[in-house]
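Here is the structure we will look at.
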Protein chains: 2
Amino acid sequence: MTASASGVPSAETRFLRPQTAQQAVLAELRALIVRGEIPPGSAIVQDALAERFGVSRVPVREALKILEGEGHITYAPHHGYKVAKLEVAELLEVYDLRDVLESYVARVGVPKIDDRHVAKMQAAMQAMDSAADREDMIGVGVQNRIFHFVVFDASGLTRAVRMIRQLWDTTDPYRSLYFVKPLNRETVNAEHSQIFEACVSRDAEAVVGLLEIHRSHAVQDLRAMAEAAQG
Amino acid sequence: MTASASGVPSAETRFLRPQTAQQAVLAELRALIVRGEIPPGSAIVQDALAERFGVSRVPVREALKILEGEGHITYAPHHGYKVAKLEVAELLEVYDLRDVLESYVARVGVPKIDDRHVAKMQAAMQAMDSAADREDMIGVGVQNRIFHFVVFDASGLTRAVRMIRQLWDTTDPYRSLYFVKPLNRETVNAEHSQIFEACVSRDAEAVVGLLEIHRSHAVQDLRAMAEAAQG
DNA sequence: GTTCTTTATATCGTATCCAATATGGCGGTT
DNA sequence: AACCGCCATATTGGATACGATATAAAGAAC
């Protein structure tokens, strides 16, 4: 079953064609929520979604159940689904939890970093820079995630990494909402460089400390935004 | 907001009536899996399940999606669902992750313990004892879980606690499989008493340490069972 | 024995129908 | 004017029937 002259895309260039409708709906809907295009608190109407995606309600409902499990939407029987809305306290809770999980995973992952991991991190840093030059903030976010998850994935702790990924997804809509300003790019780049160097020298504790600082800046911004929004 | 004379059941005595078929299927199926009555690796046929529970396939499929998110079953498009089967390495990974999360949550939760928490823990210990007398091992497991989650719930860290609960669920089928023998009851009781005392004196670090020892015993048993099964 | 073809089974999805429930407005009462 | 019960409507929850697709197993040809 080799890729013949038919239009079958190669394994590398294949723009992931969802094999089932539920997966397509899931991917698209998750992207919409994470990007903040469906704002937190919005009610989700199954029929409307089904019509929007050109599918019936069944695959939509299954995708919604997954998103509920991921914490992106909330569900109440006979009320339906709403895009999850996090209070500031909850956002901070998520960041604390990230502290715990990412520190653990990084301690396991850093010693396992090999040359390919290093190369991938470098590539992500460069791609992040060029995306920033194009003012492609979405691309920046994507590359930023790739950069950080190289270390996490190296740990091989699939469950923990999956949890971390969900926590990132949870907070992403708020980054899109609040971080309209391109947050201090030089600071981020400098910190990434430091993290990268610590990874190259396989210094797990250094990486853990740098990641903590890195996150604390995000939390600081978050707090400031929240107070500004309240006042 | 006191409970009036209306027929509204109080928060304590409300007998949870599954409001929807999907919830009923979910609860029942999860119980079957966690108890090990559907052994790990088994294929799950939607039609059979629907018929078994007397519902159509729609609620079954939604319940399956939830169980997939919880890690109880695996899913492959057009292939269906199977009861998740964990290798020993994965089980150990789960226990390590529990170490990390439970330590974190306990450190937050123990200082917040109040008299009602203490009472609940005592009640659970007694109920666990009487269940053991009746040789009701399921009841023992239920009370054991209640005992431990008093501390976790006290933390107020809903997301972290939910993750911990899922990890418990994940490993439960294997407890049911392997722990046919009523594992050293005196040891468990003694450790629970120690944990209880540490909670009463609000000594978080002591609780964390005791929980670690507590879990390590389970891991030891698990290893032994795995080696016995292989040999 | 290997490979190709056929067949069977189960999943995936659609369409349509009906029941149960929550929401919002209406009118009546106090 | 504030409160309460009642009713119309929209949405969710679910059932059923049917068709399409993909995987896997059985059988046929070489």
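Since the structure is predicted, the reported quantities are computational estimates derived from the model, not experimental observations. Per chain, numbering begins at 1; letters A, B, ... match sequence-line order.
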Might you work through the side-chain hydrogen bond (donor to acceptor under 3.5 Å, both in side chains) test for Q166(B) and E70(B), ending with a clear yes or no? CA-CA 6 Å; Q166(B) 283 185 10; E70(B) 293 176 352; 5.1 Å; no
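- Proximity of Y75(B) to the phosphate of dC12(C): a side-chain N or O atom is located under 4.0 Å from OP1 or OP2.
- One interatomic measurement links the two molecules: CZ of R61(A) to C1' of dT11(D), which rounds to 11 Å at whole-angstrom precision.
- At a threshold of 4.0 angstrom between heavy atoms, the contacts of I44(B) are confined to the sugar-phosphate backbone, with no base atom among them.
- Remark: side-chain polar atoms of E102(B) are not paired, donor with acceptor, to backbone N or O of D99(B) under 3.5 angstrom.
- For the pair K65(A) NZ and dG13(D) P, the computed distance is 6 Å after rounding to whole Å.
- Counting to the nearest Å, the P atom of dA22(C) and the OH atom of Y81(A) are 16 Å from each other.
- Atoms NE2 (H78(A)) and C1' (dC18(C)) sit 13 Å apart, rounded to a whole Å.
- Atom CG of L26(B) is separated from atom P of dG13(D) by 14 Å (rounded to the nearest Å).
- Between H79(B) and dC12(C) there is no side-chain polar atom (N or O) within less than 4.0 angstrom of OP1 or OP2.
- Each of dT21(C), dC12(C), dA15(D) was ranked by its minimum atom distance to the side chain of V55(B); first place goes to dA15(D).
- If you measure from atom CG of D47(A) to atom P of dT14(C), you get 13 Å, rounded to the nearest angstrom.
- Candidate nucleotides dG13(D), dT14(C), dA10(C) were compared by shortest atom distance to the side chain of P59(A), and dT14(C) ranks first.
- Considering only side-chain atoms of T20(A), the nucleotide from dT12(D), dG13(D), dC12(C) that sits closest is dC12(C).
- Taking only distance into account, the side chain of R57(B) never meets the base of dG14(D) through a donor-acceptor pair shorter than 3.5 Å.
- Separating the CD atom of E62(A) from the C1' atom of dG13(D) is a distance of 14 Å, rounded to the nearest angstrom.
- Closest non-hydrogen pair, K82(A) versus G41(A), comes out as CD-O, 4.1 Å.
- Judged by distance alone, the side chains of Y81(A) and K65(A) do bring a donor and an acceptor atom under 3.5 Å apart.
- For Q46(B), a side-chain nitrogen or oxygen approaches OP1 or OP2 of dC12(C) to under 4.0 Å.
- The nearest whole Å value for the distance from the CD atom in E51(A) to the C1' atom in dT14(C) is 15 Å.
- Residue-to-nucleotide proximity on DNA chain C shows that, of V58(B) and A76(B), the 5′-proximal contact is made by A76(B).
- Note: H192(B) and H214(B) have tilted aromatic rings, judged against thresholds of 30 and 60 degrees for the angle between ring planes.
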